[in-house]
Structure formats: C-alpha cells, structure tokens
Asks: 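To start, I am sharing the structure in question, which I have written as structure tokens.
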Amino acid sequence: MSLDRQAKELAASGKDVINLSAGQVDLPMPDAAKEAVRAALEADRTGYVPVAGSADVIRAVRDRMGWRDGSVLISAGAKPLLSAAIACIAGPGDEVLLPTPCYTSYPEMIRLSGAVPVPVAGDPENRFTASMARLKQAVSARTTALLFNNPVNPTGTVYRADELRQIVDFCIEHDLYLITDEVYDTFVYDEPFRSLYGFSEVRDRLVLVNSASKTFAMAGLRLGYAVMPDRAADTIGACLSHTLGCPCSLSERAAIAALEANEAYRLHLTEVFRNRRDALYPLLSAIPGVKVEKSAGAFYFWLDIRSTGMDDAAFCRTLLDREGVALTPGSAFLCPGFVRLAYAQPEPVLTEAAARLRRFFV
Ligand code: PLP
C-alpha cells in the first residue's frame with residue numbers, strides 16, 4: 001500500500017511511473033453490471049437489504065458457483081467475510097495455520113480476532129506450496145483453523161488436485177476448519193480450476209470465500225460471497241450484522257447482472273491475462289540475476305532477487321527511484337528476498353517495465 005501510494009505521488013509529480021504493485025484488474029466491469037446499477041438507482045433501490053444478502057443474489061451465486069449445500073452469505077467483498085469467519089472460528093489462545101508467502105491482510109485478520117497466526121513457510125522447491133511435513137510440525141492442540149488461498153497471492157501458484165487432497169485430509173485428521181480464499185479462480189491459465197468445494201467430505205468444515213472484485217473487475221463496489229456450514233453461517237452472519245450490516249444494495253444489482261451474464265466476460269478476462277503472462281514471462285526470465293517461475297494463476301510473478309544481495313524493501317525503493325517501476329516487497333507477504341510483480345497492465349506497458357527491470361539489473 002505504501003509503495004502504491006509512493007508510486008502515485010511520484011506519478012502525480014510528473015515522473016514516468018509504471019505501477020505494477022496494485023492487485024487490481026485494469027479492465028472495465030461488464031456492461032450489464034453497469035446498466036444494473038443505473039437501473040437500481042433510477043428505481044431508488046437504496047434501502048437496506050437482508051444482512052445475508054438478497055434472495056435473488058444468493059440464488060445467482062449458488063447457480064454460478066455450483067454451491068448446493070450449506071449457507072451462502074453476501075457481504076462487502078471477500079475481506080469482511082474472511083475476517084468475520086476468522087473471528088468466529090479463532091479467539092484468544094487459539095492458533096491459525098497460515099501457509100506463507102500469504103496475502104498481507106491474513107496475519108492481521110488473525111491477530112484482530114485475538115488468535116495467533118502460525119506461519120508455515122511454503123516449499124521453494126515446489127512452487128511455494130504448503131508443505132505437509134511443516135504443517136504437521138506446526139499443528140497443535142490450540143489450532144482451530146487453516147487459512148488457505150488458491151490461486152495464491154503473491155506467488156501465482158495454483159494447487160494441483162493431489163495437493164488439495166492433502167490439505168483436505170490434513171484438516172479432517174486434525175479436526176480443523178478450512179477457511180479458503182478463491183478470489184482469483186478466474187485467473188487460472190493452464191488447466192481448469194479445482195475448487196475445494198469439489199471435495200464434499202470437507203464441506204462440513206469449509207468456509208469458502210470468493211468475490212466480484214477480481215472476477216468482474218468490481219473491486220471498488222465491494223461485493224463478496226461465501227459458502228459455509230449452516231452453524232458457521234449463523235455466527236458469522238450475526239457478526240457481520242452487528243459490524244458491517246448488509247451488503248450495498250447497488251453492488252448487489254451489479255453482481256447479479258454480472259453473475260447471470262454468460263461466460264463470455266470470464267473467458268475474455270482469462271484470455272487477456274494469459275496473453276499478458278505469456279508475453280512477459282520470456283522477458284523476465286531472460287533478465288540475468290532474476291529467478292522466476294511461470295505464473296500459473298492470479299496475476300502475479302514472484303521474482304527471486306536474492307542474488308542482488310539487497311533487502312527486498314530497499315530493492316523496491318531503489319527500483320522505483322531509478323527506473324520508475326513499482327513492485328511489492330516480499331516481506332509484505334512474510335517472505336523476504338522476493339518481490340511481487342502484478343501484470344494487471346496492458347502488454348506494451350509490461351514490455352516497457354521488463355526493459356526497465358533489465359536495465360536495472362544489467
Ligand atoms: N484475497 C486475496 C488473496 C486478495 O489478493 C485480495 C485483494 O487483493 C482480497 C482477498 C480482497 O478481496 P475483496 O476486494 O473482495 O475484499
């Protein structure tokens with residue numbers, strides 16, 4: 001966030017800045033969703049809606065996501081759903097397993113609930129996936145949940161079916177809730193996405209969160225959805241009703257229009273981002289001193305910059321100063337020595353960024 005702000009300030013002062021630090025889709029949301037907001041405003045649909053979300057929106061979410069069992073809750077983005085789920089499942093004295101590198105907000109959400117985040121370092125030899133051996137070492141009698149993310153921000157890793165199966169078995173064996181964040185499910189490029197919802201044996205302990213922020217380029221409209229066991233929904237719903245209140249009535253209309261639209265928009269997004277990835281990967285991997293794997297999902301490349309001997313935050317500051325390229329230091333994701341590059345910009349901008357990075361290294 002602070003690098004993003006710094007990049008914007010530099011750009012405002014006239015410097016030619018390429019900002020690859022923000023995790024935000026740069027394309028417009030679907031036309032049908034825009035139209036739905038206009039129509040809802042015209043119809044004065046500006047009152048409260050049900051705290052768990054309006055029935056027609058819940059129906060649209062169930063249809064599109066294939067969520068048949070359990071309860072669905074709608075809220076203001078994935079974040080409040082994740083943080084309410086953590087608050088209801090973990091409290092003071094409890095521990096939550098957290099595979100790292102991980103999304104910046106997860107450790108803070110866990111701390112806000114009074115529980116302790118237990119980072120479990122991903123295996124650098126295996127796309128930074130959660131290592132079973134390390135998870136087994138880290139679990140204790142105080143562990144109540146595993147907080148999981150797939151596709152992964154910041155590494156761009158997508159878990160394979162056999163790896164997901166291990167996560168599921170682990171949570172069942174240790175009687176843990178599995179809280180999972182699948183907000184990047186549209187951004188999977190080489191194989192069909194496997195949702196944890198597909199593992200029916202884990203559904204009675206699964207809180208699965210998704211949102212319209214990335215899928216429909218609606219991050220500012222704040223609309224998320226989650227499926228979970230009924231007993232969890234009672235508590236998490238109550239928590240949201242006393243804190244956030246109901247979802248935004250206009251965003252609900254936008255979401256329903258987007259959810260009911262055909263697959264064309266989703267396919268378009270996936271293709272645009274796959275093309276960007278394919279164009280950028282050879283350029284990045286040809287830079288001497290940078291180690292990078294091909295991003296399989298989300299819209300991030302995860303660059304190993306340890307060969308520079310520089311601290312990752314200092315690396316990002318110097319790169320921004322010298323070349324006007326903003327990246328995010330890995331320490332923001334509990335993994336120093338790496339930096340995250342978000343390819344949510346048009347191809348020519350990405351090509352120019354790669355050229356500047358190369359100049360920085362050579
Ligand atoms: N989860 C992950 C992994 C993210 O990267 C982000 C945003 O960058 C979010 C959740 C936030 O989603 P939302 O805007 O729906 O709250």
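We count ligands from 1, going down the list as the structure has it; atoms in each ligand are counted the same way. Note that the structure is a prediction, hence the values are computed from the model and not measured.
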Asks: Between Phe299 and Phe187, what is the ring plane arrangement, given parallel below 30°, perpendicular above 60°, and tilted in between?
Replies: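 Taking Phe187 first and then Phe299, their aromatic rings stand perpendicular (interplane angle over 60°).
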
Asks: Taking non-hydrogen atoms within less than 4.0 Å of ligand 1, which protein residues qualify?
Replies: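 Lining ligand 1: Gly77, Ala78, Lys79, Tyr103, Tyr106, Asn149, Asn153, Asp181, Val183, Tyr184, Ser211, Ser213, Lys214, Arg222.
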
Asks: Taking the ring of Tyr159 and the ring of Phe128, is the distance between their centroids below 6.0 Å?
Replies: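 Distance test on ring centres: not under 6.0 Å, no.
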
Asks: Between Tyr106 and Tyr103, what is the ring plane arrangement, given parallel below 30°, perpendicular above 60°, and tilted in between?
Replies: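 Ring orientation of Tyr106 relative to Tyr103: perpendicular.
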
Asks: Suppose the criterion is salt bridge (Lys or Arg N to Asp or Glu O under 4.0 Å): which pairs have a residue in residues 175-185, not counting sequence neighbours?
Replies: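 Those involving residues 175-185 are Asp175-Arg205.
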
Asks: Have Thr180 and Tyr197 got a donor and an acceptor in their side chains that come within less than 3.5 Å?
Replies: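 Side-chain D/A pair, Thr180 to Tyr197: absent.
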
Asks: Salt bridge check, Arg38 against Glu42: does any charged N sit closer than 4.0 Å to a carboxylate O?
Replies: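 No, Glu42 and Arg38 are not salt-bridged.
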
